[in-house]
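Here the structure comes first, spelled out in structure tokens, and everything after it is commentary.
Keep in mind it's a predicted model, so treat the numbers as computed, not measured. So that the names make sense, note that chain A is the first sequence line, chain B the second, and so on, each numbered from 1.
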Amino acid sequence: MAVEKRVVFKSKWLPWVLVAPQVFIIGAFFFWPAAQALLQSVQQSDAFGTSIEWVGLENFRNLWNDETYLASFYTTAIFSVSVAVIGISLSLLLAVYADRVAKGALFYKTLLIWPYAVAPAVAGVLWLFMFAPSVGVVAYGLRAIGIDWNHLLNSTHAMTLVVMAAVWKQISYNFLFFLAGLQSIPRSLIEAAAIDGAGPWRRFWTIVFPLLSPTTFFLLVINVVYAFFDTFAIIDSATQGGPGKDTAILVYKVYYDGFKAMDLGGSAAQSVVLMVIVIALTVVQFRFVEKKVTY
Amino acid sequence: MRHKIAAAVLAGLFSMGASAQVEIQWWHSMTSVNGEWVNDLAREFNASQSKYKIVPTFKGSYDESMTAAIAAYRAGNAPHILQVFEVGTAMMMASGKAIKPVGEVMKEAGQKFDPAVYIPAVAGYYTAPNGQMLSFPFNSSTTVFYYNKDAFKAAGLDPEQPPKTWIEVTQAAAKLKASGHTCPLTIAWQSWTQLESFSAWHNVEFATKNNGFGGLDARLKINSPLHVRHIENLSNMAKQGLFVYKGRMSTPEPSFISGECAMITTSSGFYGNAKKNAKFNFGLSTLPYYPDVEGAPQNTVIGGASLWVMGGKKADEYKGVAEFFSFVSKPDVQSASHKRTGYLPITLEAFALTEKSGYYKENPGTDVAPNQMIRKTTDKSRGIRLGNYVQIRTIEDEELEQVWAGKKTPKEGLDAIVKRGNEMLERFEKANSKK
């Protein structure tokens, strides 16, 4: 205790002590693994690490020579844009309606926030069960109305399935931000517009939506990052990247090569590529948000 | 006070244990019924002697326990025994001092050890070119054919005459479809049943260099005319709705149990599950083949897992491991395991013992798998030993799916498997040939 008091009163390094736990966490869980990935991306080793060979950029060259890896950029783009656009539009819609509800608002909000507590792998399995061609409730219903649902061989169905599961999982997060954004819009602005004769549709697009734009952009970047990085468990449990490689997004391949196939070098090289992408995305986010925040 | 007594008793037990017994860690991936089997084996062995104590620990699925063991090895506390699935064999073999060949362990421990007592197609899978047995065959299964007898009857087929050839399978499927079956045939473990076992069963090369047994520079050969013919046949069946794709690995199995699919090719280890859960009569038969191919049927290849001994342990501990392996190899222990799990008996004597007990007569069909295996293997049918095989299996799944979906022709699909698979083999060769 005595030590702590002296620190409080005298030392210059108190701030450092206070940030130390955070620095330690970031160091241990971000910088150290990132450095390891960088190191491993220029090595090739057998699984047990009994022989480690420096191979320079060969792991990266292997990636560029792999047509299926390049194709997975396209798959990733489709997946990420779908997840972000659908996820954001749906949750905006839900937030606008939830904001208007007078009775039982808490009930609706709770239900909408709930899916956030579900683990991604569980979300994948849940949707897989509903859409399983043989036993799924939804697949059964679809067949009744003439749609032969088969995500095992139909890539559009498979992509739809993983997008739905990923969107469902992320809606709660988006919803919370939109709801907070909506609640911070001054009522007086909307009332003034209403008095001037603007209908609900016009009020939304000319007042509410522009005022929500910083939130929307923030969520766009967060959702793209989510789709890029947090969705491998959904893919693994729902489609395992199939049919063919049509739902094998970049991060799924990182997971698969590293943890199932034990190709640590190749997997690390892919993480480095992904790291570069996320850094680029973050730069875009900060520039944009900084600009927008000032108005 | 009571706590103190309990503590004293516990301490007493532990000190007794510590002074007398050598603990041997065994990491495995067996769940439910098979998990109980593993625990029972350890218990029986521990009760049979007092010097060693086998401690089985469940470490997740095959790939999870392998990842765990690799991490543990790198941290210097690997288990003594690790259960590894068959596709990890080449990777384990290439891992140098991380493992200790079973043949060596047995010899150094002075255990009587004759590789010839093991079923050739089983032991051969895990034996080095120099004849040294590298890992201990533990739970081996093979690919067999199951059919729904009730559905056969309803379709006007003889339920006691299962189709033996692919032509007969196609004909039976057409009749089943005509009788209203939406899924006459499905296939589980498509790469294992339709490419690996298919090749061995027809005595054609899966890969050069004796399917990889002869060296790291093996390359895939599964775009041969016979392979193309077979995949074309299946793809035509898919177009006519006679073969319905139900997913990768064991995912299609429930569609047989539910009665949706009337025929399935899958692991012999599926028997216990089907027997327990299917609400209809079903039969087992050998894997279908093409009778005009010379040498067919040969034998099928195994799946399942073997036990690897990890390197860098004490001599005393290796002695315990050797003793345990001798115990598990005993004919009566083997035979009991075979009956209990549906996995193959790994020694010829255990097979004979099971036969003598009348088990195969009481449970018709259970002898299909051992009978497919107890033939003399050829260089083309011994098994598959290829590096990066986990990835190659996935490539096979991916490309076959494109064929079933009609996006690629059978030839294009198989060519793509060979091209992409060979890239994996080249990389494995490069990474491991310098040792």
Neighbour count >12 (heavy atoms, 6.0 Å) for atom CZ, B:F280: yes
Which portion of A:D66 sits near chain B, non-hydrogen atoms under 4.5 angstrom: neither
NZ/NE/NH1/NH2 to OD/OE distance under 4.0 Å, B:D415 and B:K419: no
Among A:D263, A:N62, A:N154, residue most engaged with chain B (heavy-atom pairs, under 4.5 Å): A:N62
When B:Q402, B:E423, B:Q391 are compared by non-hydrogen pairs under 4.5 Å with chain A, the top option: B:Q391
Atom group of B:Y245 that falls short of 4.5 Å from chain A, counting heavy atoms: both
Part of A:N65 within contact of chain B (heavy atom distance under 4.5 Å): neither
Donor-acceptor contact below 3.5 Å, side chain B:T409 vs main chain B:E412: yes
Among B:S255, B:S61, B:A405, residue most engaged with chain A (heavy-atom pairs, under 4.5 Å): B:A405
Passing candidate, salt bridge (Lys or Arg N to Asp or Glu O under 4.0 Å) with B:E399, options B:R393, B:R420, B:K407: B:R420
Top of B:V403, B:I99, B:V390 for chain A proximity - count of heavy-atom pairs under 4.5 angstrom: B:V390
Largest heavy-atom contact set with chain A, pairs under 4.5 Å, which of B:T394, B:L400, B:D397: B:T394
A:I52, part contacting chain B, at a heavy-atom distance under 4.5 Å: neither
Chain A contact via B:M310 - side chain, backbone, both or neither, heavy atoms under 4.5 Å: side chain
Residue pair B:F58, B:W27: steps toward the ring-ring contact (aromatic ring centres under 6.0 Å, His included) verdict: CA-CA 6 Å; B:F58 173 73; B:W27 288 7; over 10 Å; no
Intermediate values then yes/no, side-chain hydrogen bond (donor to acceptor under 3.5 Å, both in side chains), A:S155 and A:D246: CA-CA 6 Å; A:S155 1; A:D246 294 339; 3.0 Å; yes
Under 3.5 Å donor-acceptor, B:K313 side chain and B:A78 backbone: yes
Heavy-atom pair count under 4.5 Å with chain B, highest-scoring of A:H151, A:Q44, A:E58: A:E58
Carboxylate-amine/guanidinium contact B:E260 B:K246, below 4.0 Å: yes
